[in-house]
Amino acid sequence: MSNRVVCREASHAGSWYTASGPQLNAQLEGWLSQVQSTKRPARAIIAPHAGYTYCGSCAAHAYKQVDPSLTHKDEFTIIPVLVGALSESKEQEFGKLFSKYLADPSNLFVVSSDFCHWGQRFRYSYYDESQGEIYRSIEHLDKMGMSIIEQLDPVSFSNYLKKYHNTICGRHPIGVLLNAITELQKNGMNMSFSFLNYAQSSQCRNWQDSSVSYAAGALTVH
């Protein structure tokens with residue numbers, strides 16, 4: 001087997017984030033410095049995955065909750081997991097498989113997800129006029145889903161998605177995480193999830209507008 005190191009080009013440097021290393025480091029440190037850590041380090045986080053230009057300040061609220069002892073090491077392993085369009089039964093199945101790793105305090109789960117993608121270019125334009133302007137309706141829709149996630153209820157989250165079809169791009173990884181939590185709760189593990197920040201890329205006011213929503217939250221074990 002070849003030991004050749006493969007380097008992937010940073011194709012979005014200069015657009016989704018600054019192409020300057022020192023400037024990027026200063027931005028990241030600045031966002032993190034403005035966020036408070038919770039009393040308990042996170043066992044899992046949900047963080048947005050758009051460019052830092054768009055969601056860096058929101059994402060910092062999740063990453064600030066990571067235990068530095070897990071990442072400030074000479075060596076640690078990152079295991080990427082690509083989650084496709086799973087059925088509810090498959091989310092439950094994979095949740096059970098991952099639960100033993102979630103139970104291990106030496107592991108950190110990072111669930112990558114933006115929330116509502118609204119507008120014609122996303123083919124999604126749900127609007128509840130009772131909430132006021134469009135961006136308020138989007139926020140209300142997102143926060144309904146966020147509240148269900150905080151309740152750690154995978155069935156209710158699945159039903160919410162069936163009803164509103166909210167374009168949460170990480171909905172299936174979130175479903176797997178919720179099912180892993182459910183499995184651990186059966187064994188008496190006490191956990192809680194809290195969202196710490198919410199933002200939108202822009203405020204939609206008419207049908208020509210579009211936006212992407214961002215939410216950052218952390219799972220802690222008690």
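Note: hydrogens, waters and symmetry copies are ignored here, and every other heavy atom, side chains too, is used.
Not counting sequence neighbours, the partners of Lys186 by the salt bridge (Lys or Arg N to Asp or Glu O under 4.0 Å) test are Glu183. Here Lys143 pairs with Glu139 under the salt bridge (Lys or Arg N to Asp or Glu O under 4.0 Å) rule; sequence neighbours left out. Under the salt bridge (Lys or Arg N to Asp or Glu O under 4.0 Å) criterion, Lys39 pairs with no residue at all, not counting sequence neighbours. With sequence neighbours excluded, no residue satisfies salt bridge (Lys or Arg N to Asp or Glu O under 4.0 Å) with Glu150.
Remark: the backbone N or O of Leu86 is paired with a side-chain donor or acceptor of His172 at under 3.5 angstrom. A donor-acceptor contact shorter than 3.5 Å links the side chain of Arg43 to the backbone of Ala103. Although no hydrogens or angles enter the test, the distance criterion places no donor-acceptor pair under 3.5 Å between the side chain of Gln131 and the main chain of His140. Of the possible donor and acceptor atoms, none in the side chain of Ser210 sits under 3.5 Å from a partner among the backbone N and O of Gly119. Checked by atom type and distance alone, the side chain of Gln65 pairs as donor or acceptor with a backbone atom of Gln36 at under 3.5 Å. Between the Ser147 side chain and the Met144 main chain, no donor and acceptor come within less than 3.5 Å of each other. At distances below 3.5 Å, not a single donor-acceptor pair connects side-chain atoms of Asp153 with backbone N or O atoms of Ile148. His117 places a side-chain N or O within 3.5 Å of a backbone atom of Thr167 that can act as its donor or acceptor partner. Checked by atom type and distance alone, the side chain of Asp114 never pairs as donor or acceptor with a backbone atom of Val212 at under 3.5 Å. Here the side chain of Asp142 pairs a donor or acceptor atom with the backbone of Cys116 at under 3.5 angstrom.
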Atom pairs and distances, side-chain donor-acceptor, residues 21-32, under 3.5 Å, sequence neighbours left out:
| unit_1 | atom_1 | unit_2 | atom_2 | d |
| --- | --- | --- | --- | --- |
| Gln23 | OE1 | Thr18 | OG1 | 3.3 |

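Ring centers of Trp118 and Tyr127: at least 6.0 Å apart, outside the cut-off.
Pairing each heavy atom of Gly170 with each of Ser113, the nearest pair is N-OG, 3.0 Å. Scanning all heavy atoms of the two residues, the minimum distance from Pro105 to Leu70 falls at O-CD2, 4.0 Å. The two residues Arg171 and Glu91 make their nearest non-hydrogen contact at O-OE2, 4.3 Å. Contact record, Ala62 with Ile45: O-CG2, 3.6 Å, taken as the closest heavy-atom pair. Looking at every heavy atom in both residues, Phe193 comes nearest to Gly217 through CZ-C, 3.5 Å. The two atoms that bring Pro154 and Asn179 nearest to each other are CB-ND2, 3.7 Å, heavy atoms only.
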Item to check | Check against side chain to side chain contact (heavy atoms under 4.5 Å, CB included), Tyr126 and His165 | outcome: CA-CA 9 Å; Tyr126 171 84; His165 304 284; over 6 Å; no
Item to check | Full working for side chain to side chain contact (heavy atoms under 4.5 Å, CB included) between Ile149 and Ile174 | outcome: CA-CA 8 Å; Ile149 293 169; Ile174 292 172; 3.9 Å; yes
Checklist entry - Please walk me through it: do Leu102 and Leu184 pass side chain to side chain contact (heavy atoms under 4.5 Å, CB included)? => result CA-CA 8 Å; Leu102 184 62; Leu184 294 179; 3.9 Å; yes
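The side-chain hydrogen bond (donor to acceptor under 3.5 Å, both in side chains) pairs that include a residue from residues 79-90 are Ser87-Ser89, Glu88-Ser158, Glu88-Lys162, Lys90-Glu93, where partners are two or more places apart or lie in different chains.
Under 3.5 Å, the side chains of Ser201 and Ser211 contain no donor-acceptor pair of N or O atoms.
Ring planes of Phe98 and Phe94: tilted class, angle from 30 to 60°. Relative orientation of the Tyr160 and Tyr164 rings is tilted, given thresholds of 30° and 60° on the angle between their planes.
Ser213 contributes atom OG, which lies 8.0 Å from atom CG of Leu141 (distance to the nearest 0.5 angstrom).
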